[in-house]
Structure formats: C-alpha cells, structure tokens
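Reading through the structure tokens given below for one structure.
Sequence lines set the chain letters: A, B, ... in the order given, protein chains first and strands last, and positions in each chain run from 1.
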2 protein chains.
Amino acid sequence: MATISDVAARAGVSTATVSRALNGKSTVDPVLASRVLTAAEELGYRPNGPARNLRRQETAVLALIISDVENPFFTAIARGAEDVAHEAGYSVVLCNSDDQPDKEHEYVDVALQERVAGVLLSPTGRGDSAELLRRHRTPVVAVDRPLPDSDGDTVLVDSRRAARDATLHLVEQGYRRIGCLTGPSGVLTADDRLNGYRDAVREAGLDDSPDLVRRSEFRAAGAREAARSLLARQAPPDGILVANNAMAVGVLETLVELRLRPGRDVGVVAFDDAPWTTLLDPPLTVVSQPAYDMGAAAARMLLGRISGERGKASTTTLSAHLVPRGSTRRS
Amino acid sequence: MATISDVAARAGVSTATVSRALNGKSTVDPVLASRVLTAAEELGYRPNGPARNLRRQETAVLALIISDVENPFFTAIARGAEDVAHEAGYSVVLCNSDDQPDKEHEYVDVALQERVAGVLLSPTGRGDSAELLRRHRTPVVAVDRPLPDSDGDTVLVDSRRAARDATLHLVEQGYRRIGCLTGPSGVLTADDRLNGYRDAVREAGLDDSPDLVRRSEFRAAGAREAARSLLARQAPPDGILVANNAMAVGVLETLVELRLRPGRDVGVVAFDDAPWTTLLDPPLTVVSQPAYDMGAAAARMLLGRISGERGKASTTTLSAHLVPRGSTRRS
DNA sequence: TTGTATGCGTTATCAA
DNA sequence: TTGATAACGCATACAA
C-alpha cells in the first residue's frame, strides 16, 4: 500500500511537505499542495492510521461498550452517540458486553490497548472496569447506569421517579395488587426501578409484600419464567411493572400462554418504547426513555473531557415519560 | 502510560526480552519471564496497540459495516460474526452505514486507514466501496447482499426462492390478489424478493399487474405510506408480501389505521422473524432468515482469506424458511 | 516556504 | 537465551 514517501516521490517534494499539505497546514505553496493532492489521489494513498496514531499519541475513536446490541434501547443510544461523535470527526466502535463483567473487562482492555480517545460505558455494575480506565487516565462517561462507587461523569434517566409514576398510573387505573419484574440485583437501573415501584406501592397503601417482586436477567427468557412464577401466586397480581423492553416480551408471552388479556386481566406497563408496542392488542403502555438524547449527551460530555475540560464530575439526569395505552386500561 | 521500556527497566532486562516474554515465545528463561510478568502487572502495562500494529503491519480487528444497527436482522448477523471472530482472537467493530453509499464509503475509508484485517460488508448496492477495498487488497466478504458486479466472497440467503415460497403460501391459503412491498431498486435483496414474488404470482396465474408492487426504503415510515397507497387501489390486494421486518411494522400500522385485520382481511407475510411477531393478534407469518449463521459463516470466510486462503471466490447460500402463523389464515 | 532528521512504542534481525 | 539496534509510517522541531 502506498506510503507517504511514495506520494512525496511522485510529487517531487519531501515527506514533510506531503504531510503538511495533506493536513491542510497553511504554510505550504498552493502549487506544491495541489501537486501533492493529485499524487495522493493517483496512488490511492490512505494515511496509515496506526502510524499516525502512534506519532500523534491520540486516536479519533470512541469506544461504546453496551450490554446488549440486540436491545433497541441501547442501539438508540449508539445512534445518538455516533451522530455527535461523527460531527466532531470521531468514529465510534460498538462493543457488546452481554452484561458479563469479564466481557466488559476484555473490551475495556482492548480500548485501552488501542488508545481510544475515550469510552462510553453502560457498566454491568459488578466489574472493575471503571477503576481500570481511571488508572490509565482514559476519559469515561457512564450511560444509563453509573460507575460503581464512582464520582465520574454520568448520563442517567430518573428511573426511580419514572417507575413510581408508572406504578401510580396503574393504581389510578384501578389495579390493586401490583407486582414488579425487574433486573438483576446490583444493576442500578434494576434496583432503582424496584425502588420507584416500592415508593408508589407504599404511598398508595397497597400490598408491598416482597413476594410480589421477581428478578431476572434483562432478557425475554428470564422474564417469561419470572412472570409465570409471579402469576402462579395464590394471590396473583392484577398489575405488573416490567423493567425493560426485552423483559416485556417475555411477560406478554406468558400472558398469551395463560390466556390473560393485558389491561382487562392484568395491567402491564413496561420500560422502553419500541415500534411494535403500538401494534399489540391492546397496545402496550410504556415508559419512554430518551435513549438517543442520552447517547448524544454522553458523547458531548466525553468529547468535552477529551478536549481537556477539567471541571468536576457531572451527572446529567434526563427524564422519562409515561405513554399510557391500552394495556393499562381495564375496559 | 507505562511503556515496554518501563517494564524492561523494572524487570532488569531488555525490551526485547520483555516483548518475547509477553508474547509467549518459548525462547525465554522462565525466571526472567515471570519477573517480566510481575513487572508488567505492577505497572498496569498495556502494549500500545498502534505501535504494535504499525510494527506488525496487521491488526486483529474486523470491520462490520451494516446498513441499519436498529434492525434486529443485522444485529443478529453482528453477533454471529462476533462470536466467530472472538474465538479466533479478533475484535469486531460495528459501523452503521444507514444504507447511504457515502456513509458506507466513509466507513470503508476509516477501515482502510486503520488497516483492519478485513471487512464484512452488506453493501448498499450503489457504492464503489467494493472496488475501493479490492484496490487496497483488503479482504472483504459480502453479507446478505452481493458486491456490485463482483465475484467476491459472499454469504447470501436464497431470497428469491423464499419470496416465491411465501407468496405461494398466500395462494394456498386462498388469497387471490397479492401485492408486494419491497425495498429500493438496485438493492439485490429487494429485487430478488420481488422476483420471487413475481415467479409465484405468474405460476399461480394471478394478477401480475406492476401496480400491485410498491417500493420504499427498508424502514417503517416508507412502508406505511406504500401500504396506504397499495390498499387505496380500486382493486386492493387481499394479500401482501413484505420484504423486511421494519417495513412490516409500517404495514401493520396501516392495517390498524384502516381497521383491517391481518389474516381475515389481508394476508400478511413478512421477511425476518422477531421476538414480538408472536405477540401480535394474529401472530405474524414470517420468512425466518438464519441471520446469526450468516454472520458466523461470513466471519469464517473472511478469517480464511486473512490467513491466506487463495482459492477462488465462493458464495454460500443459506436458506430461509417459512413460519406460517395467523396472519395468513383466513378464519 | 521547504527539507532533514528524529522519535513515537513495538517487534524482528542479528550477533554475542 | 539475551541484548543492541533497525525499521514500521507518520508528524514535527529545527535548520536552511
């Protein structure tokens, strides 16, 4: 592959001039510059990234480590981040941690090795990735979930409040024994949504038995089991708060299986909107999170840090809003 | 950040020995090796990726350029590719071309600059990316769609046959005026599915008027409009073949809007399965594509080329299968 | 304004 | 088995 020397030879100048011309330095004769440009063009010259990064000691690449590429919530975050990064001349590489601390650790290692400019991370919550990044002075911004015991920059949604609102909505709609299906303990969004649920249940003076709560992975499969178990109680819930989109699929499958109709038989509200939620009969009531904006905000914070902003760590909390639909209507 | 020299100094050896020890060369004294290892550990040493890649003239990274990160079909491909790549010690970076030739081109440029080991590409079909990659001798494997006018390695699904099968299924179920909603002209999967549809319609001796066909982007929004227009015909279709998952959302939205019930009023079959398709009432009949396997197969081919396999270009064609559900049942 | 020369952090060659 | 050294391709300090 053509190198800078090839271009220099063909243009009849030194490599230094080629470098300057290609990087748009003003201090170069327009005639030479255009000669360089055409030479580069003719050779199909592409600067060698590794060499350039080595020399510059920096890379225009951000790593985005998310816990599930197949979850539309996270891909929306990715889009937001990418649009902002792209605007600033940065690329974003997507890494899928599968919510496994060791995979997360592995990707952080790769990011560190490749000397990416910064990392956007939605931490599994049980790893030491944050510590690792801090030790190597690589800027990090946490998205969706905060870094464990850290004061780092963070972009969150007010999950607790949103969960409380959603639960109170169920109460308003006349549901009286409300269950909650949330994610793994230790994952802050899971715990927060549970707390918001508890806030509401107690506020409303309803049954707050711990047995009305189930936990599973943030996936359909786990949620299916959990929903079965919840609905098999001697006193089954007549309303359920579901902590994310993927889990909602599992819950709804279980309802179909049990011939229970959302809304009429069991009120259902789930976190995260998705294109298909309005196609259901009845359509699904959801807590819509500003995923795209979260990604964009996080990328902006990260780029700020990369360009040297020193201020102390900040947390941006965006708010989610309830979208009431048929699955929480009795009729 | 600690360099190899720091490690060397701390372990009291030369950088050469550090390099050998860390890369597991057998020709190094076990005592020294362990001294190096602990020194590296203590310093939190991470080899500098760019430097290593520069020296080695190769990178253990694959680029996967897909046309829509938010489409579960493509994220499933990504997972397949990643699992295989990971197994072989390669990382995969995901790039989102948004089905725009210039974005695709841009990402190919980045991949070329960063000297990735190879590229997995689902081409928009109108770009010159393939040519670009070939000129730079970067191995490419096309996924889901072939490279324009190219004999490169490819992993495809037999879309035409699957579309024909799906259409014939509609015929068997008693639908008689069947429409087709496919993607942009020039995108091979779009054209193939249309061709398969035509094969079946003619085979069955049904109305093959070109006006029963609509095209839009492979997105919900475009499909919504297209479906409206299709159903506004004086002689509206009683069955529709939809060319992908995202478009199916748009079509189903339109049906809701028009108070038409899938199956009873309009038979609907769409490409790509998704978790939510069984939650609909009636559940959606789909053509299920082996997306994960496609990603895995493509990654295997690519790794083969990277490791020097010379044989002539091969095309792997996987087959899709119809999953009949309620949306194609009259009752 | 241009060119020469140096160094970024590794790995590989070669001699010891 | 080890160490000194060169080279990967680029960007820049410095000299011209």
Any donor-acceptor pair under 3.5 Å from Asp98(B) side chain to Gln100(B) backbone: no
Where the side chain of Ser97(B) meets the backbone of Ile66(B), is there a donor-acceptor pair that is under 3.5 Å apart? yes
Hunt down any stem DNA chain C takes part in, defined as 3 or more consecutive Watson-Crick or G-U pairs whose two distances are each under 3.5 Å. C:1-16 with D:1-16
So, using salt bridge (charged side-chain N to carboxylate O under 4.0 Å, His left out) as the criterion, who are the partners of [X] when residues are at least two apart?
X	value
Arg134(B)	Glu131(B)
Glu70(B)	Arg79(A)
Arg305(B)	Asp153(B)

Within a reach of under 6.0 Å around CD of Gln113(B), are more than 12 heavy atoms found that belong to other residues, nucleotides or ligands? yes
For [X] and [N], give me the distance from atom [atom1] to atom [atom2], rounded to whole Å.
X	N	atom1	atom2	value
Met1(A)	dC8(D)	CE	P	15 Å
Gln113(B)	dA11(D)	CD	C1'	15 Å
Lys25(B)	dT10(C)	NZ	P	16 Å
Gln57(B)	dA7(D)	CD	C1'	10 Å
Glu58(A)	dA11(D)	CD	C1'	11 Å
Arg52(A)	dC8(D)	CZ	P	19 Å
Ile4(B)	dA12(C)	CD1	P	11 Å
Arg115(A)	dG9(C)	CZ	C1'	9 Å

Side-chain donor-acceptor contacts of residues 83-94 of chain B below 3.5 Å, not counting sequence neighbours, with atom names and distances?
residue: Asp83(B); atom: OD2; partner: Tyr292(B); partner atom: OH; Å: 2.4
residue: His86(B); atom: NE2; partner: Glu106(A); partner atom: OE2; Å: 2.4

What nucleic acid atoms does [X] come within less than 4.0 Å of, heavy atoms only: base, sugar-phosphate, or nothing?
X	answer
Ser19(A)	base
Pro47(B)	sugar-phosphate
Thr3(A)	sugar-phosphate

Nearest heavy atoms of Thr15(A) and Ala8(A), plus distance in Å: N-CB, 3.7 Å
Check whether any side-chain nitrogen or oxygen of [X] sits under 4.0 Å from OP1 or OP2 of [N], and answer yes or no.
X	N	value
Asn53(B)	dC8(D)	no
Arg56(A)	dA11(D)	yes
Asn23(B)	dT11(C)	yes

Among dC10(D), dG3(D), dG9(C), the one nearest any side-chain atom of Tyr45(A) is dC10(D)
For a quick check, tell me whether the side chain of Arg55(B) and the base of dT10(C) share a donor-acceptor pair closer than 3.5 Å. no
On DNA chain D, check which nucleotide each of Ala51(B) and Val13(B) is closest to and give me the residue with the more 5' one. Val13(B)
Test item: Ser122(A) and Ile65(A) side chains (from C-beta on) under 4.5 Å apart, heavy atoms: no
Would you say that Asn53(A) contacts Glu58(A) through its side chain, given a criterion of any heavy-atom pair below 4.5 Å between the two side chains? no
Restricting both atoms to N or O, compile the protein contacts to nucleotides 14-16 of chain D shorter than 3.5 Å, with distance only.
none

